[in-house]
Amino acid sequence: MSACVPTRATDPSDSHRASHLHPPHSPPPTPPRRFRIASADVSASIAVFLIALPLSLGIALATGAPLQAGLVAAAVGGIVAGRLGGCPLQVSGPAAGLTVVTADLIHRYGWRTTCAITVLAGVVQLGLGCLRVARTALAVSPAIVHGMLAGIGITIAVAQLHIVLGGTPQSSVLDNLRALPAQLARVQPAAVSVSALTLALLFLWPRIPGRAGLLLRRIPAALVAVAGATTTASLTGLILPKVDLPSWSSHALAGLPEGPALGIVAAVLTTTLVCSVQSLLGAVAVDKLAAGRPDLLAGGPGSGRGARVGRSDLDRELLGQGAANIVSGALGGLPVAGVAVRSSANVQAGAVSRNSTMLHGVLVVIAALLMVPVLEFIPLASLAALVMAVGIQMVSLHHIRTVTRHREVLVYAVTTLGVVVFGVLEGVTLGIAVAVGVSLHRLTRTRITHHEREGVHHVHVRGQLTFLAVPRLSRALHLVPQGADAVVELDGSFMDHAAYESLQDWQKTHTAQGGSVELTGRSPGTSIAEPSGAADCRCRPWTAWRNHQCELPRPAAASTPTPTAVSDTGASGAAEAVVSSGTSDQEGGPDEAGRPVRPGGSVGLGDSSGSAGSGGPGGPGTSRGPAGSSGPLAPAGSGGHELARGISAFQRNTAPIVRGELARLAREGQQPAQLFLTCADSRVVTSMITSSGPGDLFVVRNVGNLVPLPGEESGDDSVAAAIEYAVDVLKVRSITVCGHSGCGAMQALLDSEPGGARTPLKRWLRHGLPSLERMADDSRAWAKLAGRPSADAVEQLCLTNVVQQLEHLRAHDSVTRALRDGELELHGMYFHVGEAQAYLLTGADGDELFDQVEAAADVSV
């Protein structure tokens with residue numbers, strides 16, 4: 001009798017019990033889960049708490065708010081935002097990026113009204129979260145965000161410098177700068193010494209060498225710096241202003257907002273903007289940090305049972321931040337936002353869930369209630385030095401290099417200066433205005449040139465072709481005489497309807513007068529005269545690779561444009577990225593995006609960075625080396641940099657396009673149709689010459705595209721294992737052996753002499769000796785190319801070797817069985833590198849002929 005079926009269901013006394021039993025043959029009910037906190041979360045929360053405690057007090061000091069307000073914001077950010085937010089590992093609390101905004105609000109409206117503004121900002125954040133517009137905030141240019149943070153950092157550093165020197169900061173940056181000479185004249189040695197000790201410990205602690213340093217660095221540097229300065233000040237008896245935490249019974253809560261309505265609204269919007277943007281950008285950054293920890297995947301080692309941290313839900317994060325700001329403002333706390341320093345420390349400390357963030361908030365509450373006597377020993381100069389260091393670090397050299405590379409220094413500089421001089425909202429508004437102006441300038445920046453070469457008139461259009469450029473385009477086109485041959489090169493990514501009609505009308509008129517017009521874009525073969533969608537979409541998967549030739553440096557004036565094609569999907573359906581490889585003017589702009597003009601203004605895919613000379617592989621005006629190296633031939637030893645640049649270009653341009661296809665292949669596994677066995681020569685790129693993509697080919701490469709005969713003496717387990725796996729496991733339907741022109745292995749076979757040292761290369765090339773013997777056998781007809789004889793003995797041996805290796809393939813048991821059952825085909829192929837011409841073995845054994853694969857076959861791609 002099944003244990004799942006109640007045996008006394010007829011007993012009335014058991015009717016209530018029977019109603020709660022699970023149905024027959026069903027799995028037992030899951031027992032209620034008990035609340036558990038992983039040990040990794042406990043240790044991470046302690047590490048974050050030790051960082052958050054001094055920083056919260058320091059930020060409160062920098063804003064001029066009651067010091068308890070920093071502790072309230074840290075606790076609420078940890079508990080409320082940690083529980084409700086959409087980024088489990090992000091730690092929220094009082095942020096340095098909000099210091100200037102909050103200090104200005106306190107100076108204008110007082111503390112109670114500032115708390116009310118914080119509550120209203122939280123309400124607005126809730127509304128934005130409900131409208132699901134969180135990702136819209138990420139549309140703000142990174143140059144504006146970095147400039148805002150840099151401006152805030154400068155403001156913080158200048159203000160806290162006065163406290164470090166023993167004085168009192170003024171209300172604005174300009175006032176602080178004007179008062180700085182007088183402050184330097186009356187420096188307080190005690191404050192300076194404590195501040196110097198704090199900064200020294202803060203910067204030197206993470207650099208302690210050796211095994212002892214490895215252990216000591218686990219203690220946060222901020223805690224060590226403040227604790228060391230506090231202990232020194234107490235032991236030496238220095239008389240300094242210290243932390244003063246009044247009784248919680250006198251703590252001021254939020255009141256009704258008092259002040260001009262427009263000012264209050266502007267303050268609410270400013271607080272909402274800064275809090276939201278900083279929190280959402282922080283959530284994205286935490287996702288990147290978490291992606292580098294495999295233990296955060298489901299079931300990962302050390303992650304705890306069922307631990308998993310997925311991508312952040314930005315709308316939920318906005319809701320969590322709004323709720324935290326409402327609670328923090330109502331309880332008399334500072335505005336709350338995601339904090340980068342604490343969040344990165346949380347991830348690096350090994351946190352696996354939101355319990356770490358929440359527990360850190362609980363620890364802050366305990367400290368605020370029980371550690372008040374200890375906290376009141378901390379000198380204010382030490383906290384000021386800590387916050388000043390944070391402000392200086394907000395001016396990031398990495399950010400400056402990034403905006404410089406993308407030619408957005410003007411946006412960055414204007415935003416930074418605007419924040420420093422006028423305020424956060426005004427600075428961000430100025431930055432947005434400049435960013436829009438720069439974008440419009442790039443959009444309307446069009447260069448149109450006309451020149452004649454060998455009787456053909458060339459009109460070259462660089463940049464976006466809009467109605468603003470139509471007059472200049474018309475003037476250039478009318479320089480072409482009637483009846484002349486003309487070529488119009490469109491080197492941009494966009495053309496509006498007015499420009500299209502103007503160009504088409506001129507083309508019709510010029511053609512009717514006996515002239516000829518060829519309209520070309522960055523995509524060879526693209527004609528603007530064709531209606532949208534009429535042109536064949538030809539996959540050109542190796543456009544991004546073009547111009548990677550290794551040549552001696554050429555003068556800049558000698559560089560010539562290299563067209564760039566748009567790639568759609570290859571034979572496998574895997575999308576390919578396209579990066580511009582043409583030359584460009586110094587101004588650059590969107591016209592360097594590497595996207596071809598389409599009729600009606602459609603835009604192809606490409607690198608939109610617009611950086612002159614840095615647009616990824618084959619960037620504008622550069623001569624490229626292998627693996628994406630830029631400039632002339634890279635010096636010896638720079639291979640790592642070349643590889644890194646190539647990988648960076650892939651991650652930036654190609655990965656977002658192919659990620660979906662690769663994710664499908666990762667789920668479904670590889671199911672290649674062909675085994676492609678070819679030489680390890682770097683010039684033979686299998687994906688290029690077969691127009692294949694991820695998952696299409698199972699590739700085996702070795703020196704000389706050799707297939708060793710099976711057997712204990714002459715066999716090679718590596719190649720044999722690959723053949724067996726491809727045929728028996730992957731069930732490939734064909735095997736292709738591909739040789740190529742100028743093969744070094746075949747040259748080595750011809751030059752080999754009996755005897756001598758048995759080097760690894762010589763031992764491997766012994767598998768090619770049957771090909772050499774086959775070519776020397778006068779009783780056999782030589783393999784030949786269609787249309788011409790072999791160029792030399794090396795080419796003849798390359799062809800013979802392909803035929804011989806096909807015979808070696810037939811000797812493998814798995815291949816023999818598959819051929820016998822009609823499940824497998826064998827093909828021979830020869831690729832002439834210099835001619836970029838492929839030949840397939842088409843003759844029978846008695847007539848081994850390699851015939852050309854015509855270029856017309858491209859239409860099938």
Side-chain angles (χ1 to χ4, degrees), residues 524-525 538-542 571 673-692 696-697 699-707 732-750 768 770-810 815 819 824-861:
R538 295 175 181 161
C539 178
R540 297 174 179 86
W542 281 96
Q674 303 177 58
L675 166 59
F676 198 87
L677 199 151
T678 188
C679 186
D681 193 292
S682 61
R683 299 165 296 177
V684 180
V685 187
T686 57
S687 301
M688 179 177 67
I689 63 179
T690 61
S691 295
S692 58
D696 287 343
L697 300 180
V699 181
V700 175
R701 304 186 68 144
N702 60 50
V703 176
N705 47 276
L706 301 177
V707 181
V732 296
R733 296 188 295 275
S734 71
I735 300 179
T736 301
V737 176
C738 177
H740 67 95
S741 63
C743 182
M746 298 300 102
Q747 181 68 60
L749 270 177
L750 286 173
S771 301
L772 196 60
E773 295 169 0
R774 185 187 189 98
M775 191 177 75
D777 189 355
D778 294 333
S779 63
R780 292 178 179 269
W782 278 3
K784 56 183 178 293
L785 291 171
R788 67 172 177 86
S790 300
D792 52 25
V794 174
E795 185 170 79
Q796 183 60 60
L797 182 56
C798 292
L799 298 173
T800 305
N801 183 60
V802 171
V803 178
Q804 183 64 37
Q805 302 312 314
L806 288 173
E807 290 194 6
H808 289 185
L809 267 174
R810 294 185 179 91
V815 175
L819 288 173
L824 185 65
E825 297 176 353
L826 301 184
H827 301 287
M829 177 177 171
Y830 177 76
F831 181 70
H832 195 289
V833 176
E835 298 174 354
Q837 177 65 57
Y839 297 81
L840 286 178
L841 181 63
T842 59
D845 289 344
D847 184 20
E848 296 152 4
L849 175 67
F850 286 83
D851 202 1
Q852 290 190 12
V853 179
E854 298 296 337
D858 289 349
V859 296
S860 65
V861 176

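Predicted, not measured: the structure shown is a model, and the values here were computed from it.
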Inset, instruction - Could you tell me whether the side chain of R683 reaches within less than 4.5 Å of the side chain of F831, counting heavy atoms only? - result: no

Legend entry - Inter-residue atom distance E795.CD - F850.CZ, 0.5 Å rounding: 10.5 Å

Legend entry - Heavy-atom closest contact (G704 atom, C743 atom, distance): CA-SG, 4.2 Å

Legend entry - Gap separating the CD atom of E835 from the CD atom of Q852, nearest 0.5 angstrom: 7.5 Å

Inset, instruction - Verify whether one side chain among Q804 and S771 offers a donor that lies under 3.5 Å from an acceptor in the other. - result: no

Inset, instruction - Return the minimal non-hydrogen interatomic distance between V803 and R774, and the atom names on each side. - result: CG1-NH2, 3.5 Å

Legend entry - Aromatic plane relationship, Y839 with Y830 - under 30° parallel, 30 to 60° tilted, over 60° perpendicular: tilted

Inset, instruction - Using a cut-off of 6.0 Å, state whether more than 12 heavy atoms not belonging to R733 lie near its atom CZ. - result: no

Inset, instruction - Mind listing the closest non-hydrogen atom pair of R701 and V699 along with its distance? - result: CG-CG1, 3.6 Å

Legend entry - Point-to-point distance, once rounded to the nearest 0.5 Å, from CG of L809 to CG of L675: 7.5 Å

Legend entry - Minimum heavy-atom distance S734-H827, with the two atoms named: CB-CD2, 3.8 Å

Inset, instruction - For side-chain contact (heavy atoms from CB on, under 4.5 Å), just list the numbers for V794 and C798, CA-CA rounded to whole Å, side-chain angles, deciding distance to a tenth of an Å, and then say yes or no. - result: CA-CA 6 Å; V794 174; C798 292; 4.2 Å; yes

Inset, instruction - Rounded to the nearest 0.5 Å, what's the gap from CG on L785 to CD on E848? Could you check? - result: 12.5 Å

Inset, instruction - Please report the closest heavy-atom contact between T686 and S692, naming both atoms and the distance. - result: O-OG, 4.0 Å

Legend entry - Separation of E825 CD from Q674 CD (nearest 0.5 Å): 9.5 Å

Legend entry - Side-chain heavy atoms of Q805 within contact of L677, under 4.5 Å: no

Legend entry - Value rounded to 0.5 Å, distance of CG in L697 from OG1 in T690: 4.5 Å

Legend entry - Distance-minimising heavy-atom pair for G828 and V802: CA-CG1, 3.7 Å

Inset, instruction - Go through the steps to decide whether L841 and L806 satisfy the test side-chain contact (heavy atoms from CB on, under 4.5 Å), and finish with yes or no. - result: CA-CA 11 Å; L841 181 63; L806 288 173; 3.7 Å; yes

Legend entry - Full working for side-chain contact (heavy atoms from CB on, under 4.5 Å) between T736 and T678: CA-CA 8 Å; T736 301; T678 188; over 6 Å; no

Legend entry - L772/L750 under side-chain contact (heavy atoms from CB on, under 4.5 Å): CA gap, chis, key distance, verdict: CA-CA 8 Å; L772 196 60; L750 286 173; 3.7 Å; yes

